[in-house]
Amino acid sequence: MNRPMDRGMLEDVLDAFVASGVGPNSPLEEWTRRYPQFEREIIEFAASWSLMKWLPPAANAEEVTEETLVLRGMSVVQNILHGQSTESASDPAVPFESLIAEGQAMGLEPSRLAHAVGLGDSLLRKLDRRLIAWATIPEELIDRLAQAVEREATNIRAYLQLDPILAARTEHRSEQAPKLMAQEDFFDAVRVDPTIDLEHAEHWYALERSTGEP
């Protein structure tokens, strides 16, 4: 975790990242190379920014400025770094609240858990929020997740089939809470994940081809 004195610099870096126009799904190597002390935060911010794309704009929504986006991203980053979570799972077949929290309990921070199961941070967080269509999730990934967090595969399946949830403390610009758009296809999510290793992405592409997915 960064020292308090670094917060101003982190905000400047995130502001520059947004202003560069690269978008949340662009390669992050240049940014993490330039600011290695903020590698974790940049990846977390890009992943959270990608998640925000799933919120449909409200008719009376205010224009989202770069400053607003950075403030939202900083809020999400702070939540992640402090391990805060407001979600709960009520289904008795799901004895845990979050895939990410389960990974942390096993000593695996999100980036390590993502790498262990062959994903990027962004896609792992989408799975954690159940933003990926259940029918498109490979059985192999379910087995990998079960092994990584030491849970039964049936528990992982049950968790991933729960209703989608919004990111903690996401700011909304309308009087009514926004509704999530349709869930994303797993393989489409792999294609737009800027944090996934090429080797892992190629593995899922090969699996997609072998199963006859379009």
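Bear in mind the structure is a predicted one, so any value in this text is a computation, not a measurement.
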Only counting residues at least two apart or in another chain, list the ones meeting side chain to side chain contact (heavy atoms under 4.5 Å, CB included) with Arg112. Leu108

Atom CD of Glu140: over 12 foreign heavy atoms under 6.0 Å: yes

The criterion is side chain to side chain contact (heavy atoms under 4.5 Å, CB included); which residues satisfy it with Ala148, sequence neighbours excluded? Leu113, Val117

Contacts of Glu152 meeting side chain to side chain donor-acceptor pair (under 3.5 Å) (sequence neighbours excluded), chain-then-number -> none

From Leu124 CG over to Ile196 CD1, what is the distance, rounded to the nearest 0.5 angstrom? 10.5 Å

I need the Gln183 CD to Leu131 CG distance, nearest 0.5 Å. 7.0 Å

Looking only at heavy atoms, the pair that brings Gln104 and Pro110 closest together is NE2-CD, 4.0 Å

Is there a side chain to side chain contact (heavy atoms under 4.5 Å, CB included) between Glu208 and Phe186 once you walk through the steps? CA-CA 10 Å; Glu208 179 185 27; Phe186 172 80; over 6 Å; no

Would you give the length of the straight line joining atom CE of Met9 to atom OH of Tyr35, rounded to the nearest 0.5 angstrom? 6.5 Å

Could you check whether any side-chain N or O of Thr195 sits under 3.5 Å from a backbone N or O of Ser122, counting only pairs where one atom can act as donor and the other as acceptor? yes

Apply side chain to side chain donor-acceptor pair (under 3.5 Å) to Glu139 and list each qualifying residue two or more places apart in sequence or on a separate chain. Arg157

Same hydrophobic cluster for Met106 and Ile100, using side-chain heavy-atom links shorter than 4.5 Å among ILVMFWY? no

Let me confirm one number: the CG-CD1 distance from Leu160 to Ile137, rounded to the nearest 0.5 Å. 4.5 Å

Identify, with sequence neighbours excluded, every residue that meets side chain to side chain donor-acceptor pair (under 3.5 Å) alongside His115. Asp197

What verdict does the salt bridge (charged side-chain N to carboxylate O under 4.0 Å, His left out) test give for Arg191 and Asp188, after you've listed the backbone C-alpha separation in whole Å, the side-chain angles of each residue and the deciding distance to 0.1 Å? CA-CA 5 Å; Arg191 293 185 183 91; Asp188 289 342; 2.9 Å; yes

Flag the pair Leu123 / Ile132 as yes when at least one side-chain heavy-atom distance between them is below 4.5 Å, and no otherwise. yes

Less than 3.5 Å apart, any donor N or O on the side chain of Asp128 or Ser98 sitting next to an acceptor on the other? yes

Looking at every non-hydrogen atom in both residues, tell me the closest pair between Phe96 and Arg151 and how far apart they are. CD2-NE, 3.9 Å

What pairs with Asp143 under side chain to side chain donor-acceptor pair (under 3.5 Å), at least two apart in sequence or on another chain? none

To the nearest 0.5 angstrom, please state how far the OH atom of Tyr205 sits from the CG atom of Leu198. 7.5 Å

Just grab all the ring pair (Phe, Tyr, Trp, His ring centres under 6.0 Å) pairs involving residues 116-135, residues at least two apart or on different chains. none

Closest heavy-atom contact between Leu207 and Pro138? CD2-CB, 3.6 Å

So Ile156 and Leu141, do their side chains get closer than 4.5 Å, heavy atoms only? no

Heavy-atom closest contact (Val13 atom, Trp31 atom, distance): O-CZ3, 3.9 Å

Do Lys126 and Asp193 pass the side chain to side chain contact (heavy atoms under 4.5 Å, CB included) test, and can you show the C-alpha distance, the side-chain angles, and the key distance before you say yes or no? CA-CA 10 Å; Lys126 289 179 180 180; Asp193 186 348; over 6 Å; no

Could you walk me through whether Leu119 and Trp204 pass the side chain to side chain contact (heavy atoms under 4.5 Å, CB included) check? CA-CA 9 Å; Leu119 303 176; Trp204 299 119; 4.0 Å; yes

